[in-house]
Each structure stands twice: as C-alpha cells, then as structure tokens.
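Read through the structure below, which is laid out as structure tokens, and then see the notes.
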There are 2 protein chains.
Amino acid sequence: MTIATGQTHLPSCTDCPIRHRAVCARCEPDELQTLDAIKYYRSFEAGQTIIWSGDKMDFVGSVVSGIATLTQTMEDGRTQMVGLLLPSDFVGRPGRDGAPYDVVATTDIMMCCFRKKPFEQLMMTTPHIAHRLLEMTLDELDAAREWMLVLGRKTAREKIASLLSIVARRDASLDARRPGGPMIFDLPLTREAMADYLGLTLETVSRQMSALKRDGVIRLEGKRHVTVPDMGRLMEEAGDDSDGGCLA
Amino acid sequence: MTIATGQTHLPSCTDCPIRHRAVCARCEPDELQTLDAIKYYRSFEAGQTIIWSGDKMDFVGSVVSGIATLTQTMEDGRTQMVGLLLPSDFVGRPGRDGAPYDVVATTDIMMCCFRKKPFEQLMMTTPHIAHRLLEMTLDELDAAREWMLVLGRKTAREKIASLLSIVARRDASLDARRPGGPMIFDLPLTREAMADYLGLTLETVSRQMSALKRDGVIRLEGKRHVTVPDMGRLMEEAGDDSDGGCLA
DNA sequence: CGGCTCACTTGATCTACGTCAAGGATGGAT
DNA sequence: ATCCATCCTTGACGTAGATCAAGTGAGCCG
C-alpha cells in the first residue's frame with residue numbers, strides 16, 4: 001500500500017481502525033466527536049523524516065499503517081534506535097514542545113494525528129484520556145528498560161533473537177498462529193536498521209542471522225521473510241525465559 | 001544518617017522536604033491534606049531489597065534521602081541497572097500491580113509512600129496529579145532512551161564520563177557550584193554497581209576511572225570522592241555536546 | 001596488635017565483535 | 001539487455017573490553 005504524501009480522507013475516530021490500542025480506545029461517543037474535530041490523517045513515504053530531533057512538535061498521534069523508528073544520533077554519526085513504532089503505537093509528548101529524537105518512516109506510513117494544543121485541552125477535561133496516556137507511557141518505559149538489558153548485557157546472538165521474538169509477537173496479526181505453531185513474518189527493517197537497534201554493526205547482524213539459520217532456529221526466504229519453527233527455542237536463544245518485553 | 005528500618009514520624013506533605021519535584025509539588029492545601037491521610041514514611045538499610053521483581057506493589061512514593069537502584073537480572077545472573085533513584089525521584093506504577101524489576105537500596109534510604117489504592121482514587125479525581133505523573137513518566141522515558149544510546153553506542157570511557165556527569169549534575173545540591181567552577185561530589189555507587197549500570201565489568205570501570213584520573217579529567221580522593229575541575233571537558237569525554245540526559 | 005573482609009587496582013591473556021575489503025543478489029531505470 | 005544502486009553476505013584481521021589472577025589498602029573486630 002503506497003500513499004502519496006499529504007492529507008487524505010479516512011474514516012473518523014468513531015470507526016478508527018486502530019481503536020483497540022490507541023488513545024481513543026475507551027472514549028465515549030461524544031468524546032470521539034471531539035477527537036474527530038481535531039484529527040487529521042497524514043502519510044509519509046519510506047525514508048522520510050517525520051520529525052527532526054529538536055523540532056517543535058505540533059501534533060500527537062498514532063501509527064495507522066507502516067513502520068517508523070525513533071533514533072538518536074551523536075555528532076560523529078553513531079546512531080542508536082530507541083524505539084520502533086508499529087501500527088497502533090502512539091507518538092508524541094503531551095505537555096512537551098520539542099522532540100528529543102528523530103522519527104523516521106522506514107516504510108510508507110499513515111499517521112492519525114491530533115493537533116497538540118486542543119488535544120492537551122481535551123486531556124485536561126477528560127481524565128481517562130490522561131490515564132490512557134499514562135498507561136501507554138508506562139508501557140513504553142517498561143519496553144525501554146527491557147531493551148536496556150538487551151543492549152547492556154546480551155551477546156550479539158541473543159540480541160538478534162530478542163529482536164526477532166519482539167517482531168514476531170508484534171506481528172501477531174499475520175498467519176495462522178496456533179499457539180506453538182510456526183511464526184511467519186516479514187522483517188520490517190534492513191540489516192543496518194537492526195544493527196542500529198541492537199548496538200551492533202550490520203556485518204555482525206548478517207553473520208548472526210546466518211548462524212541462526214544454519215542452526216535451524218529460523219528459516220529465511222529471501223532476506224526479509226522469516227519463519228520461526230519453534231518460538232520457545234527462539235526465546236531460549238534470546239536468553240528470555242520470561243515472555244520477553246515488547247518494545248512499544 | 002542512619003535510620004532504623006520501620007515506620008517513623010516525619011513532617012507531613014504540607015512541609016514535605018521534597019515537594020519541589022515530587023507528586024505533590026503543585027497541590028492545593030486541601031489536596032495535601034488528602035495526601036497526608038494516606039501517607040507514611042518507611043526506611044530501609046543499605047543493601048536491602050525494597051521491592052522484588054514480580055512482587056505485588058501496594059504503594060507508590062518518592063525517595064526522601066538515600067539512593068536506590070532499579071535492576072533487571074537474567075536467569076544466569078547477568079544484571080543490568082535500568083534506573084537510579086535519587087532523592088525526590090518517584091517509584092511506582094499507578095494502575096499496575098507487579099513490579100518489573102528489583103528496587104534495591106544502595107545506601108540507607110528513607111521513602112515517602114502513599115498507599116496505592118487510595119492514591120489511584122485520588123489521581124482519578126485530581127487531574128493535575130495525573131498530569132504530574134505523566135510528566136514524570138515522560139522524563140523517565142527520555143532518560144531511559146538517552147541511556148540506550150550510552151549502552152548501545154558509547155565506549156567504556158564515554159560511558160564512565162556519562163555516568164559521572166549525570167551524578168555530578170544531579171548532586172547539584174552540594175558545594176559552591178559557580179557555573180564553570182569545579183564540581184565535587186561523592187559517588188553513591190560501588191565500582192560493581194557502576195559496571196551494572198554501564199553494561200561493563202568492574203575491572204573495566206576501575207581501569208577507566210584510573211585513566212580519567214591520569215588524564216586530569218577527574219581527581220579522586222579515596223575511591224568515591226570525585227572532583228571535576230572542568231565539567232565541559234567531562235561532557236566532551238562523554239561524547240555529549242548536548243547538555244546530556246539526566247537519568248531519573 | 002594481627003587477622004579478616006570488602007572494595008578496589010593492576011597485569012596478562014583471551015575473545016567477541018568491529019573494521020576493512022571483496023563479492024553476490026535483486027530490482028528499477030534506460 | 002545492461003547498467004546501476006541497494007542491500008546483503010562472507011572472509012581476514014585488529015582491538016576494546018572480558019576474563020582470570022594477584023595484589024593493595026582501609027575499616028573492623030577480636
């Protein structure tokens with residue numbers, strides 16, 4: 001699905017395709033109307049930077065379709081991805097002006113945006129929207145901290161396995177996924193993006209992907225299409241006996 | 001200051017020593033009274049675990065004095081610190097039951113706690129408390145993401161310098177700190193704790209501390225008392241031209 | 001005072017991952 | 001069809017930081 005950049009017409013909040021996780025998940029009909037009034041859709045092409053680090057952000061919103069990343073960059077060019085935005089994930093910092101990192105579309109992407117000022121006012125008068133935001137922020141915080149363990153203490157192989165199991169779990173939508181059955185999905189990231197996520201180089205990512213394939217932990221068709229015959233095995237490889245955090 | 005474990009009497013919220021950053025920073029007198037009603041103080045000894053990962057948490061609260069850490073541990077014992085709690089920092093997850101990581105007192109510590117259930121009810125009816133919590137959570141999220149860059153992409157020397165500049169900045173209270181003047185503070189962490197924070201081994205931490213000392217970036221009296229003659233220099237070493245994130 | 005522990009330092013070696021370099025596969029433009 | 005640009009793989013080699021192993025020095029308790 002490729003969409004031209006710019007504003008388009010899409011269903012209103014009352015039948016928003018991502019209501020199950022988004023801000024408006026628990027809104028009453030009249031609150032949805034209010035949200036509709038300040039809402040607009042916006043699409044970006046793969047590779048486009050949606051928000052530059054330091055920019056003033058005048059909206060908040062959710063990803064409807066496509067994938068984006070949050071990245072931080074040092075002056076010498078070293079970059080670290082600090083978040084992955086999949087459909088239904090929220091972007092934005094009510095009450096804050098600047099963005100602390102770049103938001104980049106890695107595929108063509110559709111965002112459902114709310115103008116920030118009116119959204120903040122709505123938040124003031126609608127307690128459960130504020131609570132929903134707090135919940136989502138706590139989820140992201142948990143995910144970020146889980147990822148700190150990955151970055152600080154896991155080996156390259158464990159890092160790759162961790163990333164694969166996160167993507168596999170988030171990509172639940174796809175496929176007959178009987179519990180225990182194989183998980184099949186498309187990696188939404190290049191090897192370089194994976195490396196930036198995991199604090200590795202793209203060569204190391206490539207080598208470890210080959211190793212996991214050689215050892216039968218995953219199967220690869222092409223470079224991006226992944227089959228995980230045994231999720232339990234993959235999670236062992238990730239060093240995760242817990243169900244593993246899901247980086248928001 | 002050493003305090004026996006258990007409940008003690010301390011000033012009420014109306015003159016809480018940490019109001020400047022804590023939940024109640026913006027409360028009206030009547031709201032403070034309500035907070036007082038569900039509040040209690042609790043102290044822990046150095047080394048005590050305040051909350052075990054997976055435990056049910058029945059309170060939220062702030063650190064009044066002393067230092068605690070948030071750590072995650074893998075089954076094989078590898079551990080990663082995911083947060084540092086200094087005085088006025090908040091602990092707790094309104095709306096959540098379990099703790100996702102251990103909270104450990106690294107010094108004797110005094111906490112100002114609110115019983116969770118009534119606190120959550122208060123939050124429902126007091127919008128600006130909910131907003132304050134959202135703000136604090138966003139701060140922690142920013143700090144966690146800043147730290148992801150440290151863990152994923154910085155060298156051992158840069159990591160140490162990053163940690164030192166965070167502690168220096170948070171320990172602002174101490175000393176004549178004319179801007180540009182030397183910063184003097186006590187490290188609240190053992191070399192091992194620093195290592196767990198930075199994703200290094202204690203030997204590497206020790207070596208890099210010695211190197212920074214040898215190169216005149218810091219001065220050490222004993223093992224813990226640090227003088228930073230030039231904060232700008234330290235921040236350069238951290239690879240931070242920005243003012244550097246402050247890990248909450 | 002000696003002996004103990006705990007936190008730290010320093011050295012010698014090992015290794016996982018980074019770096020540099022040379023291809024291969026795919027897909028889109030001409 | 002051929003050219004080119006991306007994205008990916010694989011090999012050879014170098015190095016930052018881990019690991020293993022001795023110490024040192026400060027507090028503490030008899």
Side-chain angles (χ1 to χ4, degrees), chain A residues 2 45-47 67 69 74 76-80 106-108 150-164 186-215 218-226 237 239, chain B residues 2 45-47 67 74 76-80 106-107 150-164 186-215 218-226 237 239:
Chain A
T2 306
E45 285 170 6
I67 283 134
T69 61
M74 296 172 64
D76 61 7
R78 281 177 281 177
T79 82
Q80 175 65 51
T106 59
T107 65
D108 291 335
V150 172
L151 291 173
R153 291 303 187 191
K154 292 196 179 178
T155 64
R157 175 184 262 241
E158 289 169 334
K159 285 177 173 182
I160 300 281
S162 299
L163 178 55
L164 290 176
D186 282 302
L187 267 176
L189 302 171
T190 65
R191 298 289 186 262
E192 188 180 19
M194 292 172 70
D196 283 341
Y197 208 178
L198 298 166
L200 299 169
T201 59
L202 69 147
E203 292 95 331
T204 299
V205 170
S206 184
R207 274 187 253 272
Q208 296 298 337
M209 289 289 287
S210 301
L212 288 173
K213 181 175 150 194
R214 169 173 42 72
D215 299 345
I218 59 173
R219 248 167 286 141
L220 282 173
E221 268 126 298
K223 290 129 201 300
R224 300 288 192 88
H225 193 73
V226 181
E237 292 284 352
Chain B
T2 306
E45 286 171 7
I67 283 133
M74 296 172 65
D76 62 8
R78 281 176 281 176
T79 83
Q80 175 65 50
T106 59
T107 64
V150 173
L151 290 173
R153 292 300 187 193
K154 291 197 179 176
T155 64
R157 173 182 263 242
E158 289 169 334
K159 285 177 174 183
I160 301 280
S162 299
L163 178 55
L164 290 176
D186 281 302
L187 266 176
L189 302 171
T190 64
R191 299 289 187 261
E192 189 181 17
M194 293 173 70
D196 283 341
Y197 209 177
L198 298 167
L200 299 170
T201 60
L202 65 132
E203 293 95 331
T204 299
V205 170
S206 183
R207 274 187 253 272
Q208 296 298 336
M209 288 288 288
S210 301
L212 288 174
K213 182 176 149 192
R214 170 173 40 73
D215 299 345
I218 58 173
R219 248 169 288 143
L220 282 173
E221 267 126 299
K223 290 129 200 297
R224 301 286 193 89
H225 193 75
V226 181
E237 291 284 351

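Labels below follow one simple rule: chain letters A, B, ... track the order of the sequence lines, proteins then strands, and each chain is numbered from 1.
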Inset, instruction - Write down the distance between NE2 (A:His225) and C1' (C:dT26), rounded to a whole number of angstrom. - result: 17 Å

Legend entry - Sugar-phosphate, base or nothing in reach of B:Thr190, heavy atoms under 4.0 Å: sugar-phosphate

Inset, instruction - Measure the distance from CG on B:Asp196 to C1' on C:dA7 and round it to the nearest whole Å. - result: 15 Å

Legend entry - Short side-chain N/O contact from B:Ser210 to OP1 or OP2 of C:dT10, under 4.0 Å: yes

Legend entry - Nearest atoms (heavy-atom pairs only) where B:Leu151 meets B:Gly199: CD2-N, 4.0 Å

Inset, instruction - For B:Arg224, answer base if it contacts any base atom (sugar-phosphate contacts may also be present), sugar-phosphate if it contacts only those atoms, and nothing otherwise; contact means non-hydrogen atoms under 4.0 Å. - result: sugar-phosphate

Inset, instruction - Please work out if B:Gly199 contacts a base, only the sugar-phosphate, or nothing of the nucleic acid, heavy-atom cut-off 4.0 Å. - result: sugar-phosphate

Legend entry - Closest approach of B:Met194 to B:Leu187 (non-hydrogen atoms, all atoms of both residues): SD-CD1, 3.9 Å

Legend entry - chain B contact limits on DNA chain D, taken 5' to 3' with a cut-off of 4.0 angstrom to heavy atoms: D:dG17 to D:dC20

Inset, instruction - Give one of base, sugar-phosphate or nothing for B:Ser206, where a contact means two heavy atoms less than 4.0 Å apart. - result: base

Inset, instruction - Would you mind telling me which of C:dT9, C:dC17, C:dG11 lies closest to the side-chain atoms of A:Ala156? - result: C:dC17

Legend entry - A:Ile160: which of A:Val205, A:Thr204, A:Thr155 passes side chain to side chain contact (heavy atoms under 4.5 Å, CB included): A:Val205

Inset, instruction - State whether the side chain of A:Arg153 and the backbone N or O of B:Leu200 hold a donor-acceptor pair below 3.5 Å, judged by distance alone. - result: yes

Inset, instruction - Provide, to the nearest angstrom, the distance between the NZ atom belonging to A:Lys223 and the C1' atom belonging to C:dG27. - result: 12 Å

Inset, instruction - Measure the distance from CG on B:Leu200 to C1' on C:dT9 and round it to the nearest whole Å. - result: 16 Å

